[in-house]
Structure formats: structure tokens, C-alpha cells
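Only one structure is covered here, and it is reproduced in the block below.
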Amino acid sequence: MEMINSDNLSTEKNDGILVIAEYIDKRMRAITSELVGCALSLSDITDLQVTLLHVRGIDHSESEKIRSFLSSLIRELSPSFVIMGHTSQGLDTAPGLAARLGCGCITGVNSILPDESSSLQAPADDVTSPDRTLSTKTSPNEYGVLFSRSIFKGKMNAFMKYAPLKKPLVLTIQPGSFPALTQNELNELEKTGKFKNLTLSYNQENSAVDDKGRCREEESRTEILSRISYEETVHSRNRQSGLQNAKVIVSAGRGIGKKENIEQIEKFAASFSDSAVAGSRPLIDMGWMPYDQQVGITGTVVSPDLYIAVGISGSSQHIAGMKNSKFIVSINSDPNAAIFNISDVSIVEDCLDFITTFLELSEKKT
Amino acid sequence: MSIKPFSDIIFKLEDRRKAAEIKKTGWKHMKILVCIKQILISDPVPDRSKKWVTTEGQASYAMNRFDENALEEAISIRERIGGDTTVDVISVGSESSSAVIRRGMGMGADNGIHLITDDSGYTDAATTAARMASFLTLSDSHYEMAADLDEKEDKPDIYGAGYDLILTGIMSEDLMQAQVGPILSEYLKIPCITSVVETSLNETLTEITVKRELEGGGRQQVRAELPALITIQAGINQPRYPTLSNILKANKKEILSFNAEDLSISKKDFKHTQVKVSEIRYPVKTRSGYMLEGAVSEKASQLIDILNQRGVM
């Protein structure tokens, strides 16, 4: 039974790279253009065509519906790679999708490179799929690709490879890792044929569940659709964070110790003209600062003249939010903190001691 | 260490009958499971193969922070509901992971389960989830239960492997993959909701309503029928410290330990395809990282000079 509306779908199995455009309400999120940038890098290594999929007629935050829709679609299209953003939506969707397909998933990918090593043979303990709709003719690792992701608070990168058995490999891409393409660039690329847009409508017919909520497929997993309901969503107000206008940002991380120490951070920031105080994700989670003071990929991305990171370890999500700052000074008691990899000036010292001393000395000097 | 007969595992047939009856009479009862992980908190040092980090030397460990939040939430739920509600913790990891299980029980978990592995390298999320799922669905009494009881109108108990609610941290601090929870929910055939910052159960304990955290502080409300799995985001609560009385109680209790290999958690039980590590490397330094030297006052003085030159003071 043909489950997918094939009006605008090629009937040939598309052994390519499927990028899932991320939508909030009806608006396509900016990260999507980074995903296409990533897909094109992957395409350069593997020589596969890129398809950007727009799923219309559904709120993408209803991830179980998206997952159900995509799992049917992927069985039809048979791509080698499926790419989503490493966002709250992407993470709510991608790992479960891969598991449903019995395939692998790599999250938080920050770079893609060819695998120079020669060992491409299949390990002995792999699983073979009896599923007839998934071809193992060309498997991802035959293309020899490594996917890098950040581990141990950014101190190391792990280069991942995928056992060459089952398509697709599902990836979520760390925001800020790949160049964002403009609409013009996307249009140009579409003309060259390396990349194409595909729009499909979500409706009951296209999903794996019929109008009585019964699943069409043998597996009963899609019954989950009837047991979960997505209610109200309140998106964060798209307000201009004060951080974006500041020339100097002093940003505090968990290393400052206690909430009370933020006062010292504020005094420190006051030593500089046109400054603002910010914080890393953990401080916002602990309620030490409000959301609009968060620097990072899920907060505000900043590029001030001077960024001073105090007690911040330097996880990739934070770095992605400030790496384009003109001058970066970092203070941390951990000599191996990842933040030092992207700093112009590194200071290994207890944060509060250093700031107190700095304030005393700068008073004397003025 | 010996393998316990499966009938000794938490889901004894009689307990399950009792639980089903309790549900019917309305007495409050929930079985909650929290998946916890022990993570490396000292500096990672690559091992010889450069495929993973070494566990030798000065390595120190702790419970993954997000799992602490998850356990705290589970215990809070137990306190809110009362009745016969229990919170179990489960961990898949090396021998040393028993420390976080003990800590979990010290925080107030009722039972601890340890699936012991001797992996020294990277284990991917699907394998970890498959091990848990294999263990949780092993008890045959489970399936007999569903057939025995006249539950034609109810959903079969095999969903969720006998637990009403499963919590995990949204991700682990060391690997930050955010995968084990969603994958486990697929294997157990239950709804999954990630990045939860608020939970609330209905009167009859058949549904959970949660708020998810979206970028920039946005919120999404989602409701799921139990059994369900939720992954917990850090902002939800402040985890409690273990109490002396809980620690003493926990020390008297045996952690249910199983060797993952002995259980023959074969990969054919829960189909998955492995992701492997080719190599781990230090990130490339992208800036000069000029390291200031000397005593605190000297460094502070140098920084003042540098920043004065840049005209920002």
C-alpha cells in the first residue's frame, strides 16, 4: 500500500542526504541553513545529493507526530543520512527516530571529515536488518566519514564512525558549527543540482496512523501517538537582549561558586565602559540569573569588543555563543579548561581572588 | 558474584497482582524508575589506543548532575503521592558505578539495580539502553501477568516493563549525547518527553503533564498517559543531599547486581546499530591563549595594563 503522497516525490529510492528543516509555528528556523551547509560538506565527501525536506501542516514541536511521519518517509526514501539541528526540538525527535528505525544516531556533531584510516570492514558483532525496505547496498561507512563531537565539557573531541550496516545514520548538528547559508546562496545551489527542496504535507494519510488511531504498520509503536498530546506552547519573547549592544561583557560560570558572588562580578564589570554582565547556562538553570543574561547557543550569541569569561569551563554550547568576540580573556582555576583554547589571554587563578585583587589594584591605579 | 534467579527480581508475580488490585481500588501506588550514570569529573586523559579515556590514576567520579535532578524529581513525586510508591534507581556501568547507586539510595531511592559492564572504552547510547531494556523486560512473570489478569480493556503491562514512570537526566555531563532516555522509551514502547522542567500527575495517577523547556526559556506543555518516560533538565529542582539515616538504611540493603554479559543481553533483543569511536583528540587552539604568569597581583596588574591599552577600562 502506498502510504506516501508521491505527487512530488521521486519514485526512485533516493540514496542521499535528507535534511529536515526545523520550523517554529510556520516559520523556518535559521539553523536550517546551517544544516544545509553541513549536508553540503557531507555531500562533498560522499557524493550524495542533498534534499531539504519541509514538512508542512503540522507543528514540528509535536515530535511524536514528526517521528511517526519521518519513520514512514525514511523507509520509502531510504536516505543514507538524516540531518536535524541539535536543538530542543531536534533532540526531542532524532534519537527516538533512529531507535525506531533500528539505526544509529550521533548528536551534537561539530565537524565532518573524511576517514583516512583503512579499516572499513564490518565489526563482528553488528546487527543485520531483516527489514526489506532498508537497503544495505551502500552503507554510510563505505563513504569513509568521521563525525566529530565535543565531550568532557569541551576538553576533547570524539571522532565517531558508524558500523556500516543500516541506513540511515541520524545526525543532530551543533548550532554554530557550520556556515549559515543565505537564501540567495541556497537558491544558487539549488540551480546546480547539488541540493533540492522537497515539501510534503503532513496529514493522516501520510502518517503511519489511520483516522481511528490504529497503526498501519505491524509494529505497535505508533500507538504511542494516541497516548501523548501536545498542549500549549509559549515561545520565548524575541526581545533584544541588552547583551547584544554591550562593548564589554563579563560572563560568569559555575566556577564563581555562589550566587552571592555575582555582586563581585558586577563590580568587576563596572570597571569597564559600556559593559554588561552575563552568565553561562548552568547559572540560569540554577536561577542565579534570568534567561536574557544567558550567553550561549540557547541564549544570546554575542560578539563584543571584549569578553571576559569568569569561572566558565568552555563547553561547546557556550563557546558557540561568544567565539566571535574580538578579544577574549578567561579566568579559571582549572588549567585544562576548554575555554583556554579560544582565549587571547588566559589566567589560571581562583576567580574571586583574582577579581578582588584586580579591583583593588585598578582603584589604586586610577 | 552470583546471578539471582529471575523470580527474585523486583517484579514478583504476586507483587504485580497486588499492584494491579491496588490500582483498581484507588490506593495510591506508583513504581518509578530513575536511570543514573556515574561520570568522570577529573580531567580526561586519553588511553594508549587514543580511542577513549583512561580510568587509571587519579580519576574521580560523581553522579551525573542531570540524573541527580531526575532522582530528586522522582523522590518529590513519591512524597507528593504517598501511599505505596517506590523509587528504584538503575545504572549501567563498571563496578565503580555502585557508588552512585549507593548515593541514590542515600538520597532516598528504595532499591538499587546495577547492570555491571566491563567496558573500558566508549559504549554507545543504544547499547546502554538495550541492556536496560533487556533486563527490565526479562522477567517472564511480566508477560504471564498480562495474560492472567483480565485486562482486555486496559493496555498490556509490558509497556514500561512494569514501571509507571521512568525518569532520566536529559543528557550526561561527560558525553552530552541526550540519547539513552529516548532510545529506552522506544524499546519499552512508551511515550517520551525530553527536557522536562515541571511535572504534575493527575488524581488517578494515569497521566503526567509536564512543561518542557525550549530555547531562550520558552515552555511547551505536554501530557502523556502512563507509563511514560521523561528526561529531566537541570532547572527543575535542587537535588537534596543524602541523609545519614537513608545512607544507613541503604547500606543494609543489597544492590541488585547483574553482570551484563551473563544476562546475555543480546543485541537481537533490541535491534540497534552501533556507533563507535575512531579517535579522541584535544581541540585545536584557535587563539594565542597568552598565559599570564606570576602571583595573583602580578597577573591582575598585567591584565589591567593589557586592557588599558585596548581602551576598554
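Just so it is clear: chains get the letters A, B, ... in the order the sequence lines come, proteins before strands, and each one is counted from 1.
- The most heavy-atom pairs under 4.5 Å with chain A, out of B:Gly181, B:Ser172, B:Ser278, B:Ala129, come from B:Ser278.
- Listed options B:Gly311, B:Ala126, B:Ser297 were ranked by heavy-atom pairs under 4.5 angstrom with chain A; first place goes to B:Ser297.
- Heavy atoms of A:Lys247 lying under 4.5 Å from chain B are absent altogether.
- A:Met156 approaches B:Pro283 most closely through the heavy-atom pair CA-CD, 4.0 Å.
- Here B:Pro44 is the residue among B:Ser301, B:Ala125, B:Pro44, B:Cys192 with the most heavy-atom pairs under 4.5 Å with chain A.
- Contacts of B:Glu213 with chain A are made by both backbone and side-chain atoms, with heavy-atom separations under 4.5 Å.
- Put simply, CG on B:Leu292 and CD on A:Glu349 are 10.0 Å apart, with the number rounded to the nearest 0.5 Å.
- Neither the backbone nor the side chain of B:Leu184 has a heavy atom closer than 4.5 Å to any heavy atom of chain A.
- The residue among A:Ile228, A:Asn157, A:Ile106 with the most heavy atom pairs within less than 4.5 Å of chain B is A:Asn157.
- When each of A:Ile151, A:Thr93, A:Asp350 is checked for heavy-atom pairs under 4.5 Å with chain B, A:Ile151 comes out on top.
- If you tally non-hydrogen atom pairs under 4.5 Å between each of A:Cys105, A:Ser273, A:Gly287 and chain B, the highest count goes to A:Cys105.
- Put simply, the side chain of A:Phe272 reaches to within 4.5 Å of the side chain of B:Leu307, judged on heavy atoms.
- Among A:Asp344, A:Ile347, A:Val345, A:Ile24, the residue making the largest number of heavy-atom pairs under 4.5 Å with chain B is A:Asp344.
- Between the CG atom of A:Leu97 and the CD1 atom of B:Ile183 there is a distance of 11.0 Å, given to the nearest 0.5 Å.
- Using a 4.5 Å cut-off between heavy atoms, B:Val53 touches chain A through its side chain atoms alone.
- Using a distance-only test at 3.5 Å, with no hydrogens or angles considered, no donor-acceptor pair links the side chain of B:Arg281 to the main chain of A:Phe159.
- Side-chain atoms of B:Asp43 and A:Asp334, non-hydrogen and from C-beta on, do get closer than 4.5 Å to each other.
- Summarising the geometry of A:Ser362 relative to B:Met313, their closest heavy-atom pair is CB-CE, 4.3 Å, with the distance given to 0.1 Å.
- When heavy atoms are compared at a cutoff of 4.5 Å, A:Phe340 approaches chain B solely by way of its backbone atoms N, CA, C and O.
- Taking the side-chain contact (heavy atoms from CB on, under 4.5 Å) definition, one finds that B:Arg65 meets it with A:Arg254, B:Glu68, B:Glu173, sequence neighbours left out.
- Using modelled atom types and a 3.5 Å distance limit, the side chains of A:Ser88 and B:Glu215 yield a donor-acceptor pair.
- Summarising the geometry of B:Gln274 relative to A:Tyr162, their closest heavy-atom pair is O-CD1, 3.7 Å, with the distance given to 0.1 Å.
- The shortest side-chain heavy-atom distance between A:Gln174 and B:Met176 does not fall under the 4.5 Å cut-off.
- By the 4.5 Å heavy-atom criterion applied to side chains, A:Phe147 and B:Val275 are not counted as neighbours.
- When A:Ile297, A:Ile328, A:Val329, A:Thr300 are compared by the number of non-hydrogen pairs under 4.5 Å with chain B, A:Ile328 comes out ahead.
- Ranked by non-hydrogen atom pairs under 4.5 Å with chain A, the options B:Arg310, B:Gln302, B:Glu207 are led by B:Arg310.
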(request) Go through A:Asp92 and B:Arg212 one step at a time and tell me if the side-chain contact (heavy atoms from CB on, under 4.5 Å) criterion holds. (result) CA-CA 10 Å; A:Asp92 203 42; B:Arg212 293 187 61 230; 3.6 Å; yes
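- The line from NZ of A:Lys364 to CD1 of B:Ile304 is 10.0 Å long, rounded to the nearest 0.5 Å.
- For A:Ser150, the part sitting under 4.5 Å from any heavy atom of chain B is the backbone (N, CA, C, O) and nothing else.
- The NZ atom of A:Lys155 lies 13.0 Å from the CD1 atom of B:Ile280; values are rounded to the nearest 0.5 Å.
- Closest approach of A:Phe354 and B:Val296 over heavy atoms only: CA-CG1, 4.0 Å.
- In plain terms, the two heavy atoms of B:Ala300 and A:Leu361 that are nearest each other are CB-CD1, 3.8 Å.
- Between the side chain of B:Arg219 and the main chain of A:Glu232, no donor-acceptor pair closer than 3.5 Å is present.
- For residues 193-201 of chain B, a heavy-atom distance under 4.5 Å to chain A picks out B:Ile193, B:Thr194, given by residue number.
- The candidate from B:Asp124, B:Ile170, B:Leu214, B:Asn69 with the greatest count of non-hydrogen atom pairs under 4.5 Å with chain A is B:Leu214.
- Across A:Asp274, A:Val248, A:Thr87, the residue that shares the most heavy-atom pairs under 4.5 angstrom with chain B is A:Thr87.
- Heavy atoms of B:Glu293 lying under 4.5 Å from chain A are absent altogether.
- Residue contact with chain B, scored on non-hydrogen atoms closer than 4.5 Å, is absent for A:Glu360.
- The closest donor-acceptor contact from the side chain of B:Lys299 to the backbone of A:Val348 lies under 3.5 Å.
- Here CE of B:Met291 is found 5.0 Å from OG of A:Ser346. Values are rounded to the nearest 0.5 Å.
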(request) Could you give me the CA-CA distance, side-chain angles and deciding distance for A:Asn336 and B:Tyr282, then say whether side-chain contact (heavy atoms from CB on, under 4.5 Å) is met? (result) CA-CA 11 Å; A:Asn336 294 320; B:Tyr282 288 105; over 6 Å; no
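- Between the B:Thr273 side chain and the A:Gly102 main chain, a donor and an acceptor come within less than 3.5 Å of each other.
- A:Thr107 contributes a side-chain N or O that, together with a main-chain N or O of B:Gln177, makes up a donor-acceptor pair within less than 3.5 Å.
- Other residues, nucleotides and ligands contribute more than 12 heavy atoms inside 6.0 Å of the NZ atom of B:Lys285.
- Interatomic distance, CD of B:Gln238 versus CG of A:Asp285, reported as 9.5 Å (0.5 Å rounding).
- In terms of non-hydrogen atom pairs under 4.5 Å with chain A, the most contact-rich of B:Pro182, B:Gly218, B:Gly289 is B:Gly289.
- Contacts of A:Leu306 with chain B are made by side-chain atoms alone, with heavy-atom separations under 4.5 Å and no backbone atom involved.
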